[in-house]
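Written out below as structure tokens is the structure these notes cover.
Counting convention: from 1, in listed order, for ligands and their atoms alike. These numbers were taken from a predicted model, which means no experiment stands behind them. Basis for what follows: all heavy atoms, side chains included, without hydrogens, waters or symmetry-related copies.
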Amino acid sequence: MTPVPSGFMISEEEIRAKVRELAARINADYKGRSPLLVGILKGAFVFLADLIREMDLPVEVDFIATSSYGHSTESTGIVKIIKDLNQNITDRDVLLVEDIVDTGLTLRYLYNLLLSRNPRSLEICVLLDKKERRKVEVPVKYVGFEVPDLFLVGYGLDYAEKFRGLKYIRALSPEEVKGG
Ligand code: PRP
């Protein structure tokens, strides 16, 4: 067992079970198809890596990267694309994979952007949903955990680029946030 601090957390075991559950639903929903899973960098890379290894479909993977979350994003809702997809998604079954949905601004923007490229279908899968923070509606089909409004790190999520490699998810204490 990995020693973990007290406070809000989602354990490695809970994450593994949830990823399996989500993968099973996706496997069933996309049976006979070959979806393109689009990971939103950077946070989604760990979740996406585990998710595809629980899937039994011939999936393809691509990534899109947006500018880091900040106040300008919150006020305008415009997300800057740092790295676009490598491939055409016209007529593809696209599944956007994200670590966390917070205000919803990132996913709302990317969803509309990808929809404008005429995929065959477009759905969203998020591991964590900070529902109480939502500012814009996002059609999320697959949700792992609803989480409280705490600063969460681990399993791809960072604080100042640290903690992404934790096998579990936990809340940062106010002291840790202050201390940097
Ligand atoms: C986080 C997360 C989402 C976004 C969610 O990314 O990965 O992309 O914020 O917030 P929203 O719903 O309010 O738009 P972040 O900007 O921290 O970048 P990272 O994924 O590179 O860590």
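The shortest N or O to N or O distance between Ser67 and ligand 1 is not below 3.5 Å. The N/O atoms of Gly104, backbone and side chain alike, include one that comes under 3.5 Å of an N/O atom in ligand 1. For ligand 1, one of its N or O atoms has an N or O atom of Arg164 under 3.5 Å away.
Counting the atoms of ligand 1 from 1 in the order shown, those under 4.0 Å from a heavy atom of Leu105 are 12 (O), 14 (O). Close approach to Ile100 involves these atoms of ligand 1, each under 4.0 Å from a residue heavy atom: 2 (C), 3 (C), 5 (C). For ligand 1, the atoms lying closer than 4.0 Å to a non-hydrogen atom of Asp99 are 2 (C), 7 (O).
Counting only distance, with no hydrogens or angles, the side chain of Asp99 and the backbone of Leu157 share no donor-acceptor pair below 3.5 Å. The main-chain N or O of Leu150 is found under 3.5 Å from a side-chain atom of Lys130 such that the two form a donor-acceptor pair.
In this structure, the ring-ring contact (aromatic ring centres under 6.0 Å, His included) partners of Phe151, at least two apart in sequence or on a different chain, are Tyr159.
The backbone and the side chain of Thr103 each have at least one atom closer than 4.0 Å to an atom of ligand 1 (non-hydrogen atoms only). Only the side chain of Asp158 comes within 4.0 Å of ligand 1, counting heavy atoms alone; its backbone N, CA, C and O stay farther away. Contacts between Glu98 and ligand 1 below 4.0 angstrom, taking non-hydrogen atoms only, involve the side chain exclusively. Under 4.0 Å from ligand 1, not a single heavy atom of Arg134 appears.
The salt bridge (Lys or Arg N to Asp or Glu O under 4.0 Å) analysis of residues 33-45, with sequence neighbours excluded, yields the pairs Arg33-Asp93, Lys42-Glu161.
From Ile26, atom CD1 reaches atom CG of Asp56 across 11.0 Å, with rounding to the nearest 0.5 Å.
Ionic pairing of Glu54 and Arg16 is not present here: no N-O contact between side-chain nitrogen and carboxylate oxygen is shorter than 4.0 angstrom.
In terms of heavy-atom proximity, Ser34 sits nearest to Pro58 at OG-O, 2.6 Å.
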